[in-house]
Amino acid sequence: MILIVFGAPGSGKGTQSERLARHFGLHHISTGDLLRAHIKNGTLLGRTAHGFISAGHLIPDQLMLKILAEELRTPAAAGGVILDGFPRTIPQAEELDTLLAREHKRIDAVVGLEVPDDELEKRLIERGKSSGRSDDNPEAIAERLRVYHSQTKPLISYYQKQGHYIPVNGTGPIEDIFADICLNVKEHCK
Ligand code: AMP
């Protein structure tokens, strides 16, 4: 099973992906977490990524694709994956399709967590008080939301055309959203 959890920054992708990974027995790939691990470990990649992330910008597609392709080749990924935070641009989505087709695999569903912008902003500011993330400050948050609308949101129609997009209301109690996702994914994958 290949599941994409899609949404704006602060929409709850990480929280829901963790639960879904446990529920469906899938390997959770968060590109944001992978990049932050590189930064923490001071790798060359981490040093390159740091500037982009702190400014609220996306890291270049080719770099991101290289990291993702490597992650998909690990034994842990063989039984199915949840992609959290990837793809974020049309070229990333196209390249993912190519990559999967080469291995005779395909995306099963794209869960879109839908949350209004003012709520996203509130959540991210709140998270910034304890997350320690270099991009959870007002300037970077504003830029991340701008980037989401211009570069990432077009993926909704990309996946709608493929028949994979499942919109889910991302506001309300975490447990309710999770139950809603599970129900929809099971229905979609029948
Ligand atoms: P996240 O933890 O998913 O919010 O990601 C944090 C930051 O990592 C993003 O704001 C980007 O700078 C970078 N990042 C994560 N995933 C991607 C991606 N698929 N493409 C480009 N940059 C990414």
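Just so you know, ligand 1 is whichever comes first in the structure, and atom 1 is the first atom listed for that ligand.
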Exercise. Are Tyr148 and Leu120 side-chain neighbours, meaning at least one heavy-atom pair lies under 4.5 Å?
Worked result: no
For this session: For ligand 1, list the protein residues that place a heavy atom within a distance below 4.0 Å of one of its atoms, sorted by chain and number.
Result: Thr31, Gly32, Leu35, Arg36, Ile53, His57, Leu58, Ile59, Met64, Gly85, Phe86, Arg88, Gln92, Arg133, Asp135
Exercise. Who are the side-chain hydrogen bond (donor to acceptor under 3.5 Å, both in side chains) partners of Thr171, not counting sequence neighbours?
Worked result: Asn169
Seminar exercise, completed: side-chain contact (heavy atoms from CB on, under 4.5 Å) filter on Glu187, not counting sequence neighbours, yields Lys190
For this session: Measure up the Phe178 and His23 rings against each other and bin them: parallel (under 30°), tilted (30 to 60°), perpendicular (over 60°).
Result: perpendicular
Problem set entry | Side-chain (Asp108) to main-chain (Ile2) donor-acceptor, under 3.5 angstrom | yes
When the side chains of residues 5-13 are checked against the rest of the protein, which donor-acceptor pairs come out under 3.5 Å, sequence neighbours left out?
| from | atom 1 | to | atom 2 | distance (Å) |
| --- | --- | --- | --- | --- |
| Ser11 | OG | Ala8 | N | 3.4 |
| Ser11 | OG | Ala8 | O | 2.7 |
| Lys13 | NZ | Gly7 | O | 3.1 |
| Lys13 | NZ | Ala8 | O | 3.2 |

